Amino acid sequence: MKVVVTIRSGRELIKGGIELSDSATVADLQEAIHKRTKKYYPSRQRLTLPIPSGSKEKPTVLHYKKSLKEYTDGNGDTLTVVFKDLGPQVKYSTLFFWEYLGPLILYPVFYYYPVYRFFGYKGERVIHPVQTYALYYWCFHYFKRIMETFFVHRFSHATSPLSNVFRNCAYYWSFGAFVAYYVNHPLYTPVNDLQMKIGFGFGLLCQIANFYCHILLRNLRGADSGGGYQIPRGFLFNIVTCANYTTEIYQWLGFNIATQTVAGYVFMVVAASIMTNWALAKHRRLKKLFDGREGRPRYPRRWIILPPFL
Amino acid sequence: MAGFFSIFRRIYLTIYNWTVFIGWLQVFYLSVKTLKESGHEHVYAAVEKPLLWAQSAALLEILHGLIGLVRSPVSATLPQISSRLYVAWGILWSFPEIRTHFLVSSLVISWSITEIIRYSFFGLKEAFGSAPSWLLWLRYSTFLIMYPTGISSEVGLIYNALPYMKESLKYSISMPNKWNFSFDYYYLALGVLGIYVPGSPHLYGYMLGQRKKALAKAKRE
């Protein structure tokens, strides 16, 4: 079969189109485009069916596992697809590794090295026990995240735009330095012993719960499953849609109870608001998908992210 | 109900625009009068009340955008209004030492000319449904000169206030304290100056685009 590949303006990307076998899949087409253009590797391509001019509806995105025949609409000989360059892509594991590496390295720099001399503090620095425990807690958290990235998470999308690496690194690295600056400050005022123990104890409990939530989410998505949504069940997922975010937010609350810095609370609020947006979107999606009609299960009544508030 | 809301909206916006217009007219008149009679050192003292009042009234514009009373995007309104409020309250009102600087005059005159044209344009548009073409042209053309003079004055005044910020430690919080927080107003000002560098050309470009669109639309009509 012949596939005509155009860009959105209507101009042909590959002159004369591409000849493929009748059993070819979208993935085969993407490989063929890559072979012909060199620059556009498969994860950089977004292929859609053309939509009539003036139409407001969203175009159908071609799924890489499906056969091209499924998109030919009965006319089996030719197919026209619209190509969009998604720009340079990186693997999600690469993105997460670099964004989490920053805080993991930057925080100990503020703890171990005399960086505060550059900020005008000349005196001897007394390190409080809470600052040491905070270092362990912080490093454990980001080490855990990196390990989960490589050994636990299964991603619904293989890649992410390269620009996200810079954006996410800016977010994590700057907030990492911001929190580290205040928690390790020579003029830091520690909280009482009981508050510290409650904070770190609660936080650690939430980190373990967070890890278990990630294991449950991993098991929802089989190694060979092509994404797709399922109703998360078990443990905290029986009461909260995004229990992984719940435990993430509450473990930062634990850290902040123990360290008591405005910077830490600012980080927590910003992170919570970002995760709340994601959670609301996911909750809406799951409710829409599992509506109880045509044999589909009905999505159970649950908190979205922050029981007992939301 | 929709009809009542539409009438109420028009009446409210007409009153709002003409009230703020009067405020800026007062600022312009007093600044020019003082400049001629007593020199630039006395301009701020003469215009302080109407200037702070008229500039603070612009906060309502953000609210108008948020609740959908006007179409202008909050993303475009917010940086302009917040930077002006910062200069009016956070610099001029907070640091009396720089009120006698000659840049205060250029700032106040640039702001007031721009706002007199803008608020009268919107005032006429809300009251009568349209504004004269010459006013439309002024609305979208005076910024070509007023924007660079205004921005330069803002940057100059922030820069001149830096030593006084460092010296007085005004609005600054230092450690140790219970919440382990420190804040240095001096560094905030440096940050603001840093934002002005990429922000000004971006905003100028945005306004040039708006000008092109508005004047092309007026030509068609």
Side-chain angles (χ1 to χ4, degrees), chain A residues 107 110-111 115-135 137-138 166-167 170 174-175 177-196 199 252-253 255-270, chain B residues 62-63 65-68 71 73-79 82-83 85-86 90 94 159 161-203 205-206 209 213 217 220:
Chain A
Y107 195 103
F110 282 88
Y111 180 87
V115 288
Y116 293 94
R117 278 188 203 157
F118 303 114
F119 298 107
Y121 296 98
K122 298 281 185 279
E124 198 56 47
R125 184 169 151 230
V126 177
I127 295 174
H128 302 282
V130 65
Q131 291 173 306
T132 306
Y133 294 135
L135 170 81
Y137 185 100
W138 181 279
F166 302 106
R167 187 195 65 190
S174 56
F175 260 123
F178 181 51
V179 175
Y181 173 82
Y182 286 104
V183 179
N184 297 299
H185 202 283
L187 300 175
Y188 174 82
T189 307
V191 297
N192 63 62
D193 221 37
L194 178 66
Q195 189 175 328
M196 178 189 78
W252 280 125
L253 178 65
F255 177 84
N256 288 325
I257 288 167
T259 54
Q260 197 162 292
T261 64
V262 168
Y265 279 105
V266 168
F267 177 46
M268 185 186 78
V269 168
V270 172
Chain B
I62 297 166
L63 188 70
L66 283 171
I67 62 172
R71 277 186 315 172
V74 179
S75 57
T77 321
L78 192 66
S82 48
S83 68
L85 284 169
Y86 172 70
S94 301
Y159 179 76
L162 289 174
Y164 304 111
M165 289 176 194
K166 204 162 195 174
E167 196 184 315
S168 68
L169 294 175
K170 200 171 195 175
Y171 307 134
S172 296
I173 302 162
S174 59
M175 285 173 78
N177 56 61
K178 196 177 109 175
W179 283 99
N180 295 300
F181 179 67
S182 64
F183 172 71
D184 199 323
Y185 197 66
Y186 172 79
Y187 286 109
L188 174 78
L190 286 179
V192 170
L193 285 175
I195 292 166
Y196 266 97
V197 177
S200 309
H202 174 75
L203 212 55
Y206 168 79
K213 247 195 294 189
K217 191 181 170 192
R220 279 200 307 272

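As the structure is a prediction and not an experimental result, all values here were calculated from the model. Here is how names work: the chains are called A, B, and so on, in the same order as the sequence lines, proteins then strands, and each is numbered from 1.
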(message) Is it true that, when you exclude A:Tyr111 itself, more than 12 heavy atoms of the residues, nucleotides or ligands shown sit nearer than 6.0 Å to its OH?
(response)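 Enclosed.
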(message) Atom OH of residue position B:Tyr171 - does it have more than 12 heavy atoms of other residues, nucleotides or ligands inside 6.0 Å?
(response)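 Count over threshold, so yes.
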(request) Output yes when a side-chain donor or acceptor of A:Gln260 lies under 3.5 Å from a complementary backbone atom of B:Lys178, and no otherwise. (result)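 It does hold such a pair.
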[X] and [Y]: which non-hydrogen atoms are nearest, and at how many Å?
| X | Y | answer |
| --- | --- | --- |
| A:Tyr181 | B:Ser182 | CE2-OG, 4.4 Å |
| B:Met175 | A:Tyr182 | SD-CD2, 3.8 Å |
| B:Asn180 | A:Thr189 | OD1-N, 2.6 Å |

(message) Is B:Ser174 in contact with chain A via its backbone, its side chain, both, or neither, using a 4.5 Å heavy-atom distance?
(response)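 Neither the backbone nor the side chain of B:Ser174 comes within 4.5 Å of chain A.
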